[in-house]
Each structure stands twice: as structure tokens, then as C-alpha cells.
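Quick note: numbers below take in every heavy atom, side chains included, and nothing from hydrogens, waters or symmetry partners. Position 1 is the first residue of the sequence, and the numbers go up from there. Note that the structure is predicted; figures quoted are calculated from it, not measured.
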Amino acid sequence: MSLCRLLIICGSAIVLASEVQVQAGSLINEEIRNLTISDSLTMHWELSSEGIFVYLQTDPSLRWVAAAIGEEGSGSMPGMDSVLVYNQDDDWIVEDGYAVGYTLPSRDKKQDWILHSVEEDEDMRVFKLYRDYDTGDEFYDRPLDPEAKLSIPMLFACGTGAVSYHGSNRWRLTVDLFDDKNPVEELLNMPDYDSTYSALNPNVEIPAAKTTYHEQFIFENGDDFKAALGGRTLIGIVPTIQNATKQFVHHFTLYAITDEENMYGGDLIYAGASSASPEVFPINVGISADDYINLRLQTHFDNPNLVEGAVDNSGVILYLTEAGVAREHNLAVFQIGDPNVELFGQHLIEPMSRYVFECEALNTTDPVTFYTRLQHMHGHGAKIQTEIYRDGELVRMDSVEFYDFQYQDSTWMNWTALPGDRLVLECEYDNVKDVVWGLDSDNEMCIDFISAYPRSNFNSLYCGYKSGGVFVEEAKLSSIRRSFGSGKTKSSTMPHIAIIAGGVSAGVVVLVAAVGIMLRRRRAKYVAVP
């Protein structure tokens, strides 16, 4: 299943259509897929072997409408690939564009969206558009992959006047473009699915503090855990956010506890922001509950306005097999960066900087499948990139070039890693002034959470600074290195890093895993930062 987060934007400018005829009649085939975005805007779509037909159905009063494909793992306006249809002198014009900031999109030199027709009657107007899945325009278009299993960000907007700032007339949604099933339906239809269990915050009052990490044990004791989950296998995790407290819930981490003597330790089995898509494990992969004695849900509450009295019941829904049903492989979450927060409290270089960590050799007995990843920083994070080297050659590079703290999400990998592969994590930061590494939303982190299997092949689930890996470099930057919208090929810092690999700078960097580590040390129900 492949999901797309859609954001419709009221205002962008952009592609002249060759002759477009306005027709009336039966405008939409009822059998094609559709999504209602607002009272005045609906998207329908059809798939072909090479590309996608998009029908934007609008109220006749609208004079422009825009849709955009965002960057995977982010989904904000910077980094989006847009299509705009607007009226100029009673002619309908389509423009293929892109944005690298919070501005009207720039016109793409290579126009890949085709406006096939405009049809209207007294109730609606329908624009029929087409684009190839992969246009070959790597610097200005976002490819669509029908085989991907996770969300692809998109944006939408519209307006009744000239193309301009959209104001509140914009939406960000999650849509399944390539499969009729949504993630929850996919889980419910799995042959070994039996039931769900809700791991939630039970009426937790959110402190009036900028940042709070709340620790919630899901079961009173190991007997309660076994009674509910004993013998079962976890096959998917779906975040559920309470509408009343959505503005405060930034992300969850879920730990499976193995030892009563270390209740604030355990295995990280899920990490997801409030905007994250559901996690659906491969059909032969799960997490056996028999390996654990309890679950601990950690919630990052972000309350910068110090609002009092908010009560939260958010959390995650666990999708389970019946007792006695196992899957072939167990899933693990592998972490690189600085999982022990060894650089906690140190200042970042101002005003723009890069930090690099290295896992010198993947410590597994046999090949493993990297299934998904969540690359994570905080509010000053601008770009995050993971590179994988094999026998000295770069074999894979994954980056979020326009990182957005508010819209981070997992990205699809389904890629085989080999023992000894070298992994390099680079984080770049902007607008830095008196910022330190730490847990607060105003502090910074740098981590890559990689869901992988089989767990039994891992000798260690950590390969970060002072836990199997090294801190390689900190450097002041003059600009953030991005390829999208620049015409420049993605680059690596590794030719330089290879010279100094193994050296540890006195600089900084932190992983989101810091959250769990610091809380384990404090063994407190709350950690509040005023």
C-alpha cells in the first residue's frame, strides 16, 4: 500500500495548457477513486501503466487550484513539486512548479503536467490532468512509486481571485493512491489478524511546561501483560491522537520491557511523530509478546504557550494475532547517531552547522532487511541524510532535504543491508542561536530509527556515538546543501570524513534515542522543562 499526504494550496503559479476545451455533461466516472478535501474541492484519480490521471473537481466560483507532491519524510511546503491551474483572461492555464521556501512556487523549466480538459456544469468544474510517475526531472519533480508502502506527502490549496497567498484555504491529508485499502483495512484483512489492544495515556494532565516526556506503563504488572498479550504477535501499530490535545502531542516512543530490574530500559519497538502514518509490518514479520513483560509508552508533549488543564488520552493501537500464532521473523528498531546522548548540553555551532556520526561496521551475523526509517531532529533541523557504504562504495543515500519538525514521517526502504556495511548519519541545522543538544523541543537531536528484520541477526541494536559508533565531525556551514530545486546532484561529505574517521570531536550531536536514555536515568514519571 502506498499513501500520499495531500496538501492543496490556494495559490501558486504555473504551466500553459495547449488548447483546453470546456465541456459539460457527465463529468466524473463514479468508479474512479476519490477524496473529498473540502466543501469546494474533491480529488479523483486513475492509474495507468506509466502515470496518473488526476481530476480536480471544484466549485465553479474558484479561479485557481493547486496540488503538490511533498518530500517523503517531511511534507511541508518547502521542497514540494506543484501543479497549478488558474484562470487568466478567461483561459485556463496549467503550470508545473516547485518551491524551496514558503513562497509562491517557481515555474519548472520542464513542464510535465498536461491539462487534458476542463469540463463544467452549473454545480462543478473538473480539471483533468496527467503526469508520468517518474518524469526524469530529478531536481524539480518528485517521483511517485506505485510499489512504495508508506506515505508520500502532498499539499492542496485554492482561491476565488487571482493567484495569491492561500491563507486558511489549504489542506494536508493522507491518501492511498495506489491501493484501495487504507493501512487499517490492510491490517484488519491480514489472515492472522485477531484483535487490537489500546496502549493509551489514561486521562493524563499535560503539565504547563514547554516540554514534557510522560512515561506510561501500559500494564500494572507482568501477569496483566501476559493475560492480555501472552502468546500473541504484534503485526502493526497505528497512532491515535485525541483531537482536543493534538496540538500538544509531538511524538510517541513505545518500549517493550524485558526485565523488572530495568523498567525504564527495554527494546524500542516504535517511534512515530503525531503526523506519522500507521506501521504495517511485512506479512512474515512481527514482534512476539512472549519476549517481554510490559510496555512503556513515552509521549513527548510540546506546550510552548504553557496551557493549563489539557487532558490527554492519545497513544497507539496494537494489532495482534491470536495466542499461539507466530510469524517467521521478529522486527527490531536499529538506531544510529548518539543513542546515549553523550553530547547532552553542548552548544551547536552558530548560525548554521553540520554534525556527522558513523557506524563503522553493521554488527549482524547475516544480511538484514531495512524496512522503514524515521530520520529525526528538532526545530532547528534543516536537512538529514543517511549514507550506506559497502566495500568503500556508496550504495544507498536517503535524505530529507527540507526537514520539518512538525511533519516528520517514516519513509519506505525494503532494502538488504550486509554485515560490515558502513552507515553515516549527517544532520544540518539552520537559524541556530544559543541552542544545545538535549530533550527540549528547543534543543536539538540527530537520529535515524531503522525498522529491520530479522532481529535475531543483530548482535547490537545500537551503533551510535560511544555505543559501537563514533562522532566524526562538526562543521560550520555557509549554506544547507540541497539538490531539489537547485539543479545540483546530491553530495556526500564522506571523501573528507574518511580522512578523519575514528577521531572524536569535542563538538555535539544527539539522537532521539536520547529521550529514552535520559528518562531511564531519571526514573521519573515526568520530565518537565519550563
Side-chain angles (χ1 to χ4, degrees), residues 1-6 69-76 79 142 144-145 147-154 172-179 182-184 186-187 234-241 249-254 268-282 285-287 298 300 315-319 331-337 368-378 381 383-386 388 396-415 417 423 425 427 445-453 461 511-513 515:
M1 161 197 51
S2 181
L3 300 176
C4 290
R5 182 177 299 123
L6 304 175
I69 303 166
E71 181 181 23
E72 288 187 90
S74 175
S76 63
R142 297 289 182 190
L144 293 171
D145 180 5
E147 301 301 320
K149 300 294 182 181
L150 292 179
S151 62
I152 301 167
M154 292 184 69
R172 182 178 277 105
L173 306 171
T174 297
V175 179
D176 182 358
L177 289 182
F178 300 108
D179 198 317
N182 65 36
V184 172
E186 184 175 0
L187 285 165
L234 178 62
I235 61 175
I237 301 176
V238 177
T240 176
I241 312 296
V249 178
H250 186 265
H251 73 258
F252 301 111
T253 50
L254 184 65
L268 176 66
I269 62 172
Y270 174 78
S274 60
S275 58
S277 302
E279 291 281 347
V280 180
F281 302 160
V285 178
I287 298 174
Q298 183 187 97
H300 175 177
V316 296
I317 308 298
L318 310 179
Y319 284 73
L331 189 77
V333 177
F334 174 61
Q335 302 175 53
I336 61 174
V368 294
T369 298
F370 286 175
Y371 183 57
T372 64
R373 67 159 18 110
L374 176 67
Q375 296 169 308
H376 178 84
M377 300 181 290
H378 276 185
K383 176 188 173 184
I384 184 167
Q385 180 167 293
T386 304
I388 303 178
R396 184 179 178 106
M397 181 186 296
D398 295 274
S399 62
V400 180
E401 292 189 323
F402 296 85
Y403 182 85
D404 191 314
F405 182 49
Q406 300 302 323
Y407 299 111
Q408 54 193 300
D409 202 352
S410 297
T411 55
W412 169 249
M413 294 185 71
N414 199 33
W415 187 81
L423 289 80
L425 178 63
C427 292
M445 295 181 171
C446 175
I447 187 170
D448 191 353
F449 295 104
I450 302 173
S451 296
Y453 65 90
L461 294 177
L511 290 194
V512 141
V515 172

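For the atom pair CD1 of I235 and CD1 of I287, the computed distance is 11.5 Å after rounding to the nearest 0.5 Å. One distance of note links CD1 of I269 with CG of L318; it measures 7.0 Å at 0.5 Å rounding. Summarising the geometry, atom CG belonging to L425 is positioned 7.0 Å from atom CD belonging to Q375; distances are rounded to the nearest 0.5 Å. Interatomic distance, OH of Y270 versus OG1 of T253, reported as 10.0 Å (0.5 Å rounding). Rounding to the nearest 0.5 Å gives a distance of 5.0 Å between CD of Q335 and CZ of F449. Rounded to the nearest 0.5 angstrom, D409 CG and L374 CG are separated by 7.5 Å.
Residues satisfying the side-chain contact (heavy atoms from CB on, under 4.5 Å) criterion with S451, sequence neighbours excluded, are L331, V333, T372. For A273, the side-chain contact (heavy atoms from CB on, under 4.5 Å) criterion is met by H251, S275, Q408, not counting sequence neighbours. The side-chain contact (heavy atoms from CB on, under 4.5 Å) check on L461 picks up A332, R455, F458, with sequence neighbours excluded.
Scanning all heavy atoms of the two residues, the minimum distance from P239 to P278 falls at CD-CA, 4.1 Å. For the residue pair S399 and Q385, the shortest heavy atom distance occurs at CB-OE1, 3.6 Å. For the residue pair P153 and G73, the shortest heavy atom distance occurs at CG-N, 4.3 Å. Heavy atoms only, all atoms of each residue included: F281 and Y371 are closest at C-OH, 4.2 Å.
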Original post:
Passes side-chain contact (heavy atoms from CB on, under 4.5 Å), V400 versus Y407? Steps please.
Top reply: CA-CA 11 Å; V400 180; Y407 299 111; over 6 Å; no

Original post:
Do L423 and D448 pass the side-chain contact (heavy atoms from CB on, under 4.5 Å) test, and can you show the C-alpha distance, the side-chain angles, and the key distance before you say yes or no?
Top reply: CA-CA 10 Å; L423 289 80; D448 191 353; over 6 Å; no

**OP:** Report the C-alpha distance between V316 and F252 in whole Å, list the side-chain angles of each, state the deciding distance to 0.1 Å, and finish with yes or no for side-chain contact (heavy atoms from CB on, under 4.5 Å).
**Re:** CA-CA 8 Å; V316 296; F252 301 111; 4.3 Å; yes

**OP:** Please assess F178 against D145 for the test side-chain contact (heavy atoms from CB on, under 4.5 Å), listing each intermediate value before the final yes or no.
**Re:** CA-CA 9 Å; F178 300 108; D145 180 5; over 6 Å; no

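Judged purely by atom type and a 3.5 angstrom limit, Y403 uses its side chain to pair as donor or acceptor with the backbone of M377. Judged purely by atom type and a 3.5 angstrom limit, S74 uses its side chain to pair as donor or acceptor with the backbone of F402. In this structure, the side chain of R396 does not engage the main chain of T386 through any donor-acceptor pair within 3.5 Å.
Considering E72, E279, R373 in turn, E279 is the only one that fulfils the side chain to side chain donor-acceptor pair (under 3.5 Å) rule with S410.
Taking the six-membered ring where the residue is Trp, H300 and H378 present tilted rings, their angle falling between 30° and 60°. Note: W415 and F370 have tilted aromatic rings, judged against thresholds of 30 and 60 degrees for the angle between ring planes.
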